[in-house]
J.: 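Shown below is the structure under consideration.
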Amino acid sequence: MLPPKQNFSEWFHEIIQQAEIMDIRYPVKGLYVWCPFGFKIRQLVYSKLRELLDRDHDEVYFPALIPETELGKEGEHIKGFEDEVFWVTHGGLEPLDVKLALRPTSETAMYPIFKLWIRSHADLPLKVYQIVNTFRYETKHTRPLIRLREITSFKEAHTAHRNYEEAEEQVREAVKLYKEFYDFLAVPYLIFRRPDWDKFPGADYTIAFDTIMPDGRTLQIGTVHHLADNFAKTFDIKYETPDGDHAYVHQTCYGISERCIASLISIHGDDLGLILPFEVAPIQIVVIPILYKGKEAQVEELSRRLFEKLKGYGYRVLLDASDERPGAKYYKWELKGVPIRFEIGPKEAEKGDVVVSFRDEKKKFSISFDEVTKERIERWAEELKQRLRNRAIEMAKSKIGFFENLDDLANWIERRGVGLIYLCGSTECGEVVEEKAKGSVLGRFEEIPDWLEGFEYKGRCIVCGGEGYLTGVAKTY
RNA sequence: GGGGCCGUAGGGUAGCCUGGUUAUCCUCCCGGCUUUGGGAGCCGGUGACCCGAGUUCAAAUCUCGGCGGCCCCA
């Protein structure tokens with residue numbers, strides 16, 4: 001039994017363990033173990049991410065250890081990370097001459113090598129990515145998948161281009177890619193341009209994807225940074241132009257971590273457990289035989305035939321022949337988020353029928369064995385995802401409100417979720433809002449989602465009355 | 001950064017204040033019987049006092065230190 005999802009924090013903590021996503025008993029704060037089932041979800045989700053990136057990025061691997069001398073080169077960057085870096089200070093008993101940082105992110109590991117790889121305009125654009133672990137010494141409350149000292153599944157992409165505009169074009173490409181990824185997971189998102197005081201250390205600007213969790217706080221689930229030539233100047237990454245001149249590259253980087261799985265679990269799950277879209281479910285279909293004494297043979301035979309047929313279609317299917325009672329099996333596979341369930345009892349075996357039920361709906365119906373076709377299952381899977389998407393969007397909408405005074409905004413953020421306001425870009429006005437509303441300014445919309453209708457992009461700043469932009473404010477994870 | 005609470009089988013707990021028999025109960029797990037259309041029942045079984053030092057005839061219980069976890073405030 002899970003606690004109700006209403007009590008989100010407790011629900012999340014429990015579902016992670018009960019659905020066997022992570023084992024949280026590892027004896028170091030902020031480090032957790034991926035269980036086999038959780039790791040399969042990770043593998044399925046990340047193979048989609050890989051598929052998207054592999055279209056025009058190359059996968060690489062850079063080392064986890066970064067010498068202090070490199071990490072410290074870019075002034076803004078190191079200032080942003082210095083209080084949360086883990087250091088390797090000894091080799092055996094010998095203190096190291098140059099301390100080694102466990103990467104908090106890989107810019108400073110990669111860019112000295114980019115300098116060697118990039119020589120001419122023909123080497124550009126360079127687009128690579130890696131999926132690796134990163135380390136941050138979090139002092140606040142750590143939480144599996146959400147706030148970690150070892151991020152185990154950081155997909156970071158890094159690109160280099162000839163000029164600012166081409167890098168900016170890549171930023172738009174990356175945003176498109178991430179939209180496709182989260183649409184695939186049926187996870188709704190808001191895309192903001194982070195305010196200057198909250199951008200990635202060393203970036204020209206940062207665009208972030210936020211989703212709205214069931215408790216109304218937002219979770220940052222993806223970021224895209226335009227680095228301009230800031231790092232290129234620091235690491236001396238230059239190329240020879242067609243004219244024979246030398247110019248600094250302009251760079252971007254963008255990342256997604258296992259928070260994407262936190263959002264997948266949190267947005268779709270319910271009081272009974274996980275609800276997974278068909279494509280990322282480790283078990284897509286479960287077949288449950290209902291064995292009455294004396295009538296086992298027929299039921300077992302039809303169940304077996306159905307199992308073989310589904311396997312033949314290439315699905316991840318499980319025939320649950322364990323000796324638990326059917327009800328116990330229903331609960332078990334609902335907890336694990338299996339999208340489609342077939343039940344076969346004596347009645348079905350008699351007629352050659354199967355009972356079908358979907359994870360997100362209460363009702364059951366029955367169809368004949370022969371009507372179970374690959375086309376039908378594909379359609380069910382697509383319909384299921386559409387229902388998940390609609391439900392998630394409705395939930396997101398219910399947690400978004402628009403405000404023209406700060407007290408109402410504060411009240412909404414306290415109780416419900418994301419407040420929208422008009423805000424100018426100044427730090428002063430931003431500080432006033434964060435102070436009064438007890439939330440973080442997420443930034444102005446980079447694009448307003450099509451499911452949020454009726455908002456003008458520009459309006460009068462809620463603080464100073466000057467020209468402002470539609471801006472999100474919320475409590476954040 | 002400041003303050004508080006807690007550590008007992010795989011999970012959740014009682015016992016600790018007031019030291020003393022075989023360490024409580026639920027769940028999970030294992031074996032058997034029985035049952036199977038929404039978490040069945042009965043019988044039997046495995047499994048624990050975070051680590052170290054101290055006090056004491058005697059420590060899960062008291063003291064100190066370490067490690068680990070949780071909460072609140074800034």
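Below, read A as the first sequence line, B as the second, and so on, with proteins coming before strands; counting in each chain starts at 1. This one's a predicted model, so the numbers in the text were calculated from it and none came from an experiment.
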J.: Mind checking the C1' distance from C49(B) to G15(B)? Whole angstroms is fine.
T.: 11 Å
J.: Just checking R341(A): base, sugar-phosphate only, or nothing, at a heavy-atom cut-off of under 4.0 Å?
T.: base
J.: For G37(B) versus A60(B), give the span between their C1' atoms, rounded off to a whole number of Å.
T.: 48 Å
J.: From G11(B), G37(B), G38(B), pick the nucleotide closest to the side chain of K364(A)?
T.: G38(B)
J.: Say we look at A48(B) and U8(B): how far apart would their C1' atoms be, to the nearest angstrom?
T.: 6 Å
J.: Here's a test for you: under ring pair (Phe, Tyr, Trp, His ring centres under 6.0 Å), which of H158(A), H77(A), H226(A) qualifies with F231(A)?
T.: H77(A)
J.: Nearest-Å distance, CD (E20(A)) to C1' (G10(B))?
T.: 12 Å
J.: Quick test: give all pairs of protein nitrogen or oxygen and nucleotides 44-49 of chain B nitrogen or oxygen below 3.5 Å, distance rounded to 0.1 Å.
T.:
none

J.: Taking only the side-chain heavy atoms of K293(A) (C-beta and beyond), determine which of U35(B), G39(B), G11(B) contains the nearest atom.
T.: U35(B)
J.: All N/O contacts under 3.5 Å from nucleotides 40-42 of chain B to the protein, with atom names and distances to one decimal?
T.:
| residue | atom | partner | partner atom | Å |
| --- | --- | --- | --- | --- |
| A40(B) | OP2 | R325(A) | NE | 3.4 |
| A40(B) | N9 | R325(A) | NH1 | 3.3 |

J.: Hey, are E308(A) and R304(A) close enough for a salt bridge, meaning a charged N less than 4.0 Å from a carboxylate O?
T.: yes
J.: What integer distance in Å separates Y330(A):OH from G37(B):P?
T.: 7 Å
J.: How would you label the contact of E348(A) with the nucleic acid (heavy atoms, under 4.0 Å): base, sugar-phosphate, or nothing?
T.: base
J.: Can you tell me the distance, in whole Å, between the CG atom of D271(A) and the P atom of G39(B)?
T.: 18 Å
J.: May I ask which nucleotide in the shown strands pairs with C70(B), Watson-Crick or G-U wobble, both distances under 3.5 Å?
T.: G4(B)
J.: Run the salt-bridge test on D360(A) and R387(A) with the 4.0 Å N-O cut-off and return the result as yes or no.
T.: yes
J.: Applying the Watson-Crick and G-U wobble criteria at under 3.5 Å, what pairs with A23(B)? Answer none if nothing qualifies.
T.: none
J.: Tell me, please, which residues at least two apart from R193(A) pass side chain to side chain donor-acceptor pair (under 3.5 Å).
T.: E446(A)
J.: Considering only the P atoms, how many Å lie between C25(B) and C70(B), rounded to the nearest integer?
T.: 30 Å
J.: Does Y292(A) put a side-chain nitrogen or oxygen below 4.0 Å from OP1 or OP2 of G37(B)?
T.: yes
J.: Please state how far atom CD in E324(A) lies from atom P in C28(B), giving the value in whole angstrom units.
T.: 10 Å
J.: Taking U27(B) as the reference, what is the distance to C50(B) when you measure between their P atoms (whole Å, please)?
T.: 24 Å
J.: Tell me the partner of U35(B), counting only Watson-Crick (N1-N3 plus N6-O4 or O6-N4) or G-U wobble (N1-O2 and O6-N3) with both under 3.5 Å; none if nothing fits.
T.: none
J.: Write down the distance separating the C1' atoms in U22(B) and G38(B), rounded off to the nearest Å.
T.: 41 Å
J.: Please confirm whether K374(A) makes a cation-pi placement over Y315(A), using NZ or CZ under 6.0 Å from the six-membered ring centre and within 45° of the ring normal.
T.: yes
J.: In this structure, how many angstroms lie between the P atom of U36(B) and the CG atom of L291(A), rounded?
T.: 10 Å
J.: What is the per-nucleotide protein-contact pattern of nucleotides 66-74 of chain B, from the 5' end, where B denotes a base atom under 4.0 Å from a protein heavy atom, S denotes such proximity for sugar-phosphate atoms only, and - denotes neither?
T.: --SS-S---
J.: Would you mind telling me which of E20(A), Q43(A), E258(A), K40(A) makes a side-chain contact (heavy atoms from CB on, under 4.5 Å) with W34(A)?
T.: E258(A)
J.: Are the charged groups of K397(A) and E394(A) less than 4.0 angstrom apart, N to O?
T.: yes
J.: Considering only atom P, compute the distance from G32(B) to G68(B) and round it to an integer number of Å.
T.: 43 Å
J.: Not counting sequence neighbours, which residues clear ring-ring contact (aromatic ring centres under 6.0 Å, His included) with F358(A)? List them please.
T.: F365(A), W380(A)
J.: For G39(B), is there a stacking contact with Y331(A), counting only centres under 5.5 Å and planes under 30°?
T.: yes
J.: Closer than 4.0 angstrom, basic N to acidic O: yes or no for R136(A) and E138(A)?
T.: no
J.: Figure out the CG/P separation between D320(A) and G37(B), and round it to whole Å.
T.: 14 Å
J.: Which sits closer to the 5' end of RNA chain B, K362(A) or T139(A), going by the nucleotide each is nearest to?
T.: T139(A)
J.: Return the pairing partner of C64(B) with a 3.5 Å limit on both distances, Watson-Crick or G-U wobble; otherwise return none.
T.: G52(B)
J.: Categorize Q18(A) for me: base, sugar-phosphate, or nothing, with a 4.0 angstrom heavy-atom threshold over every strand shown.
T.: nothing
J.: Find out whether I261(A) and Y46(A) are in side-chain contact, i.e. whether some heavy atom of one side chain is under 4.5 Å from a heavy atom of the other.
T.: yes
J.: Whole-Å distance between G37(B) C1' and E296(A) CD?
T.: 15 Å
J.: Which whole number of Å gives the distance between the C1' atom of A74(B) and that of C28(B)?
T.: 42 Å
J.: Is there a Watson-Crick or G-U wobble partner for C29(B) with both distances under 3.5 Å, and if so, which one is it?
T.: G45(B)
J.: Using salt bridge (Lys or Arg N to Asp or Glu O under 4.0 Å) as the criterion, list what pairs up with E324(A), not counting sequence neighbours.
T.: none
J.: Give a yes or no on whether a salt bridge exists between K385(A) and E279(A), defined as a side-chain N under 4.0 angstrom from a carboxylate O.
T.: yes
J.: Output the rounded distance in Å from CG (D23(A)) to P (G10(B)).
T.: 12 Å
J.: Out of the candidates K329(A), K364(A), R359(A), only one should pair with R341(A) under the side-chain contact (heavy atoms from CB on, under 4.5 Å) rule; please name it.
T.: K364(A)
J.: Can you check whether Y111(A) reaches E70(A) side chain to side chain, under 4.5 Å on heavy atoms?
T.: no
